[in-house]
Chemist: 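Please find one structure pasted underneath; my questions will follow.
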Amino acid sequence: MMDPMRGNNGPRYRHLAEDGAPYDTITIDKLTPIIGAEIGGVDLSNPLGNRTLDEIHRALAENSVIFFRDQHLTEEQHLDFGRKFGELHIHPAAPAAAGHPELMIIRADKDSPRANGEGWHSDVSCDVIPPMGSILYIRQCPPRGGDTLFASMYAAYEALSDRLKAYLEGLTAIHDGEENYRGTYAYAGVQDKATYPRAEHPVIRTHPVTGKKALYVNRGFTRRILGVPRDESSAVLAYLWNHAENPLFQCRFRWQENSIAFWDNRCVQHRAMWDYWPHTRSGHRVTVLGDRPV
Ligand code: SIN
């Protein structure tokens, strides 16, 4: 395991950075060797050919989160882009755009008591079938700040000791939306539901596309590891959350107006920085359904 006080851990993670075959229809500019890439050469408001779509899929699989700049999409086009990757998800609590329940509103301004996604999480991991991906389109940015941080849970898993990997294999944990969602959107006029989603998921999941293992516990939703005493669960979760938040596994995206981030919730956690009050940051998120974690 890593000593966070030493500055020479980089070479230990060299194997996490992979360079695949070249792309034909899009360009790739990696943010870090481990996670994140900016995609160029594509206008998402135009119909996308199969080749381009395949390459976007591949770029997501290889980089875990991908970014597009200077995109000009209508709400319908944003939704249509999401549908190319699967059925769309309706958020169990957050407000949505009028007439589009699948278009989640992401907005913080001078009157907001909170902003979305301020703690590390994987989107709606409390769902029995959690989202595979989220496509956030930010139209209005503050003059500075409002970055989003993304962390690779492949890298977090790989960096665990073999002993800890063996201990975690086969364990499951409860993910619960109650604490996160109850009362959270009252300020936006959203009434609470009687119940919020709750699910049991493996602590280590295997990605259905890449076949790689990823750590799948997050501060936002994971409440308890099953089959071990409560105090052991709390201590192990605290260790895993701290471990997962190591900057070595992260990239940080600096938004500009009309940028899009598309992240893979199966292998990525993210955290939004609300450091721009009293300025406004706003956009919409389209979330794509996934499959049951295994
Ligand atoms: C979220 O979807 O968790 C919000 C992310 C962001 O606003 O950057």
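For ligands, and for the atoms within them, numbers begin at 1 and follow the listed sequence. Since the model is a prediction, treat every value here as computed from it, not as a measurement.
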Chemist: Establish, yes or no, whether a centroid distance under 6.0 Å links the rings of H284 and Y137.
Modeler: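 Judged by ring-centre distance (under 6.0 Å), H284 and Y137 do not meet the cut-off.
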Chemist: Which ligand 1 atoms, with their elements, are less than 4.0 angstrom from a heavy-atom of I106?
Modeler: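 Numbered from 1, ligand 1 contributes 7 (O).
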Chemist: Please verify the inter-ring angle class for H121 with F221; under 30° counts as parallel, over 60° as perpendicular, anything in between as tilted.
Modeler: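 Because their plane-to-plane angle is over 60°, the rings of H121 and F221 count as perpendicular.
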Chemist: Which of parallel (below 30°), tilted (30 to 60°) and perpendicular (above 60°) describes Y239 and H243?
Modeler: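 Plane angle under 30°, so parallel.
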Chemist: Which ligand 1 atoms does W263 reach within 4.0 Å, using its non-hydrogen atoms?
Modeler: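 Those of ligand 1 that fall under 4.0 Å from W263 are 2 (O).
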Chemist: Between E62 and R58, does any side-chain N to carboxylate O distance fall below 4.0 Å?
Modeler: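 Result for this pair is yes, salt bridge flagged.
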Chemist: Which atoms of ligand 1 are found less than 4.0 Å from any heavy atom of R285?
Modeler: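 Answer, ordered by atom number: 1 (C), 2 (O), 3 (O).
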Chemist: To the nearest 0.1 Å, how far is atom 4 (C) of ligand 1 from its closest protein heavy atom, and which atom is that?
Modeler: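 Closest protein heavy atom to atom 4 (C) of ligand 1: N116 O, 3.9 Å.
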Chemist: Counting from 1, what ligand 1 atoms have a heavy atom of L136 closer than 4.0 Å?
Modeler: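 Every atom of ligand 1 under 4.0 Å from some heavy atom of L136: 5 (C), 6 (C), 7 (O), 8 (O).
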Chemist: May I ask whether R271 places a heavy atom under 4.0 Å from ligand 1?
Modeler: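 No.
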Chemist: Show me which atoms of ligand 1 lie under 4.0 Å from any heavy atom of A272.
Modeler: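 Here the atoms of ligand 1 in question are 5 (C), 6 (C), 7 (O), 8 (O).
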Chemist: I'd like to check which ligand 1 atoms, numbered from 1 as shown, lie under 4.0 Å from a non-hydrogen atom of T148.
Modeler: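 So the answer, numbered in order with elements, is 6 (C), 8 (O).
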Chemist: Can you see whether Y157 has R205 sitting over its ring - NZ or CZ less than 6.0 Å from the centre and within 45° of the normal?
Modeler: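 So R205 doesn't make the cation-pi contact.
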Chemist: Would you say H270 has any N or O atom under 3.5 Å from an N or O of ligand 1, going by distance alone?
Modeler: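 So ligand 1 has an N or O lying under 3.5 Å from an N or O of H270.
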Chemist: Please report which non-hydrogen protein atom sits nearest to atom 7 (O) of ligand 1, along with the residue it belongs to and the distance in Å to one decimal place.
Modeler: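 I find the closest protein heavy atom is R281 NH1, 2.8 Å.
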Chemist: When you check the gap from the basic side-chain N to the acidic O, do D147 and R252 get nearer than 4.0 Å?
Modeler: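 Counted as a salt bridge, because a side-chain N and a carboxylate O are separated by less than 4.0 Å.
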Chemist: Would you mind running through ligand 1 and noting each atom that sits below 4.0 Å from a heavy atom of H121?
Modeler: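 Selected atoms, number and element: 3 (O).
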Chemist: With E38 as reference, evaluate K30, R254, R69 under the salt bridge (charged side-chain N to carboxylate O under 4.0 Å, His left out) test and give the passing residue.
Modeler: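 Looking at K30, R254, R69, the match for E38 under the salt bridge (charged side-chain N to carboxylate O under 4.0 Å, His left out) is R69.
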Chemist: Which of the numbered atoms in ligand 1 are under 4.0 angstrom from any heavy atom belonging to G117?
Modeler: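 Listed by number with element: 3 (O).
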Chemist: What orientation do H270 and W263 show, parallel under 30°, tilted 30 to 60°, or perpendicular over 60°?
Modeler: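 Ring orientation of H270 relative to W263: tilted.
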